[in-house]
Amino acid sequence: MKLLTLNCHSWQEENQMEKIQHIARAIKEQAYDVIALQEVSQSIDADVVEGIIKQNNFGLVLQQELENLGVSDYELVWDFAHMGYDTYEEGLAILTRHPIKKTHSFFVSKSTDTDFWKTRKIVGVTVEVQGEEMSFYTCHLGWWDDKEEPGKYQIEQLLEQVKGTEPYFLMGDFNNSAHIEGEGYDYMTLAARLHDTYLLASEKDSGVTVEGSIAGWDENKQDLRIDLILASSPVKVASSNVVFNEKNREVVSDHYGVEVTVEI
């Protein structure tokens with residue numbers, strides 16, 4: 001199975017449509033089984049297309065670009081987490097080529113007020129792969145030391161909610177650097193015993209997904225590995241690669257993406 005996670009920084013990028021088209025071409029080429037996207041936004045005043053999804057929903061536009069390329073087998077699941085930049089409904093999305101058996105959506109923050117930008121929600125799917133069910137969650141968590149919305153609380157809520165859907169993969173922007181000891185990454189991999197597919201991979205690169213200062217890491221001057229794919233149990237991982245980082249495909253966001261090949 002090929003998995004991809006990407007924080008899209010949607011509708012905040014220059015040449016946004018060109019970047020969406022570049023993502024679509026990569027998806028067509030790699031034929032990812034499951035794609036987890038974060039910061040997937042739509043305008044407040046855009047026309048509703050279906051359910052809660054509006055005309056310029058970033059996930060929907062990406063799905064339409066895939067269809068323009070002749071790829072029509074991806075199903076989109078999206079939900080709204082909080083307001084972003086005053087004019088956008090920001091959410092999370094999953095695209096998958098596998099039959100969806102169940103969808104998941106739940107808050108992990110103390111706040112459930114969608115007008116508060118620190119409110120956090122998780123979106124997931126349980127799909128059927130080779131006759132077996134497995135679950136995938138797209139995650140965008142807060143910061144470990146945040147006084148209003150502590151990262152530990154959100155991780156605990158996340159782990160409680162995904163119980164019973166094993167085997168599962170947690171994919172996304174965890175806002176906790178793998179290089180910082182004693183914080184969220186250690187809590188997830190040591191205390192909670194989640195398995196980092198990057199460490200399990202037979203072939204891997206630096207794993208760096210953020211370089212320098214970006215939104216939410218305004219004072220950062222280091223290379224960070226905060227975009228992760230974590231598994232509920234040990235799996236055989238052939239490779240883990242950073243994508244959309246200029247070295248491996250054009251940059252499309254302030255985060256780079258991560259693609260992992262898992263042997264099921």
Side-chain angles (χ1 to χ4, degrees), residues 1-10 13 19-20 22-24 26-27 29-41 58-59 62-63 66 74 76-79 81 90-98 104 108 120-125 127 134-142 154-155 158 162 167-178 184-185 188-189 194-201 204-211 214 216 224-232 235 237-245 248-249 251-262:
M1 289 189 73
K2 284 189 174 181
L3 310 178
L4 171 69
T5 184
L6 175 68
N7 181 320
C8 303
H9 199 225
S10 66
E13 290 287 316
K19 291 180 177 178
I20 290 174
H22 187 68
I23 297 169
I27 293 171
E29 180 183 314
Q30 293 299 317
Y32 299 109
D33 292 270
V34 180
I35 302 161
L37 304 175
Q38 305 86 48
E39 291 192 24
V40 181
S41 300
F58 184 94
L62 176 58
Q63 187 181 38
L66 284 167
Y74 281 97
L76 171 68
V77 176
W78 179 87
D79 202 3
E90 182 184 310
L92 303 100
I94 286 183
L95 288 164
T96 182
R97 298 164 54 231
H98 294 280
H104 312 272
V108 292
R120 302 290 172 169
K121 182 178 278 188
I122 305 297
V123 172
V125 295
V127 301
M134 54 200 325
S135 302
F136 299 85
Y137 297 89
T138 176
C139 308
H140 189 192
L141 300 186
Q154 294 183 11
I155 294 169
L158 170 59
V162 300
Y168 61 73
F169 290 84
L170 307 181
M171 308 163 64
D173 172 8
F174 289 84
N175 271 316
N176 281 271
S177 176
Y185 178 80
M188 290 185 290
T189 58
L194 295 173
H195 301 270
D196 187 349
T197 55
Y198 174 79
L199 299 182
L200 296 174
K204 62 173 76 75
D205 51 20
S206 70
V208 170
T209 60
V210 169
E211 295 181 357
I214 64 166
L224 305 175
R225 187 164 74 87
I226 61 177
D227 299 87
L228 311 168
I229 297 179
L230 306 174
S232 59
V235 289
V237 183
S239 63
S240 177
N241 296 299
V242 176
V243 291
F244 307 121
N245 65 345
N248 185 4
R249 303 189 184 278
V251 172
V252 295
S253 172
D254 59 351
H255 286 243
Y256 306 146
V258 176
E259 64 175 21
V260 166
T261 302
V262 179

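Between Met188 and Ile155, some side-chain heavy-atom pair lies under the 4.5 Å cut-off. At a threshold of 4.5 Å between non-hydrogen side-chain atoms, the residues Val258 and Asn241 do not count as touching. Looking at heavy atoms from C-beta onward, Asp196 lies out of side-chain contact with Leu194 at the 4.5 angstrom threshold. Counting only heavy atoms from C-beta outward, the side chains of Leu228 and Met171 never approach each other to under 4.5 Å. Residues Thr209 and Ile226 form a side-chain contact, since some pair of their non-hydrogen atoms from C-beta on lies under 4.5 Å apart. Within the 4.5 Å cutoff, no side-chain heavy atoms of Val210 are placed close to those of Asp254. Using a 4.5 Å cut-off on side-chain heavy atoms (C-beta onward), Leu230 and Phe174 make contact. You'll find the side chain of Phe136 stays beyond 4.5 Å of the side chain of His98, heavy atoms only.
Every residue meeting the side-chain contact (heavy atoms from CB on, under 4.5 Å) condition with Lys2, not counting sequence neighbours, appears here in chain and number order: Gln30, Tyr32, Asp33, Thr261. The side-chain contact (heavy atoms from CB on, under 4.5 Å) check on Glu211 picks up Val208, Asp223, Tyr256, with sequence neighbours excluded.
Ring-plane geometry between Tyr137 and Tyr168 is classed as perpendicular, the angle between the planes exceeding 60 degrees on a 0 to 90 degree scale with a lower cut at 30.
Listed here is the closest heavy atom pair of Asn245 and Val251: C-CG2, 3.8 Å. Residue Tyr198 comes nearest to Lys204 through the heavy atom pair O-CE, 2.5 Å, listed as atom of the first residue, atom of the second, then distance. Closest of all the heavy-atom pairs between Ser232 and Pro167 is OG-CA, 3.5 Å. Of all heavy-atom pairs between Tyr74 and Ala31, the closest is OH-C, 3.4 Å. Considering every non-hydrogen atom in both Tyr185 and Leu199, the closest pair reads OH-CD1, 3.5 Å. For the pair Val123 and Ile94, the tightest heavy-atom approach, listed with the atom from each and the gap, is O-CD1, 3.8 Å.
If you take NE2 on His255 and CD on Glu39, they are separated by 6.0 Å, rounding to the nearest 0.5 Å. Atom-to-atom distance recorded for Gln38:CD and Cys8:SG is 7.0 Å, nearest 0.5 angstrom. Atoms CE and CZ, from Met1 and Arg97 in turn, are 9.0 Å apart once rounded to the nearest 0.5 Å. The distance from atom CG of Leu200 to atom OG of Ser240, rounded to the nearest 0.5 Å, is 9.5 Å. Here the SG-CG distance, from Cys139 to Asp173, works out to 10.0 Å after rounding to the nearest 0.5 Å. Here the straight-line distance linking atom CG of Leu6 with atom CD1 of Ile23 works out to 5.5 Å at 0.5 Å rounding.
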| For Leu170 and Ile229, what are the C-alpha separation, side-chain angles and deciding distance, and is it a side-chain contact (heavy atoms from CB on, under 4.5 Å)? | CA-CA 6 Å; Leu170 307 181; Ile229 297 179; over 6 Å; no
| task | Assess whether side-chain hydrogen bond (donor to acceptor under 3.5 Å, both in side chains) is satisfied between Ser253 and Glu13, documenting all intermediate values. | result | CA-CA 7 Å; Ser253 172; Glu13 290 287 316; 4.6 Å; no
| Run the side-chain contact (heavy atoms from CB on, under 4.5 Å) check on Glu90 and His140 step by step: do they pass? | CA-CA 11 Å; Glu90 182 184 310; His140 189 192; 3.9 Å; yes
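Judged purely by atom type and a 3.5 angstrom limit, Thr138 uses its side chain to pair as donor or acceptor with the backbone of Leu37. In this structure, Ser10 contributes its side chain and Ser41 its backbone to a donor-acceptor pair below 3.5 Å. Of the possible donor and acceptor atoms, none in the side chain of Arg120 sits under 3.5 Å from a partner among the backbone N and O of Gln154. Side-chain atoms of Asn248 do not come within 3.5 Å of backbone N or O of Val243 as any donor-acceptor pair. A donor-acceptor pair under 3.5 Å is formed between the side chain of Trp78 and the backbone N or O of Val40. No donor-acceptor distance shorter than 3.5 angstrom exists from the side chain of Thr96 to the backbone of Val34, with no hydrogens or angles considered. Side-chain N or O atoms of Asn7 include one that pairs as donor or acceptor with a backbone N or O of His9 at under 3.5 Å. Without hydrogens or angle criteria, Asn175 side chain to Leu141 main chain gives a donor-acceptor distance under 3.5 Å.
No donor-acceptor contact under 3.5 angstrom links the side chains of Thr5 and Glu259, judged on distance only. Side-chain polar atoms of His22 and Arg249 form no donor-acceptor pair below 3.5 angstrom.
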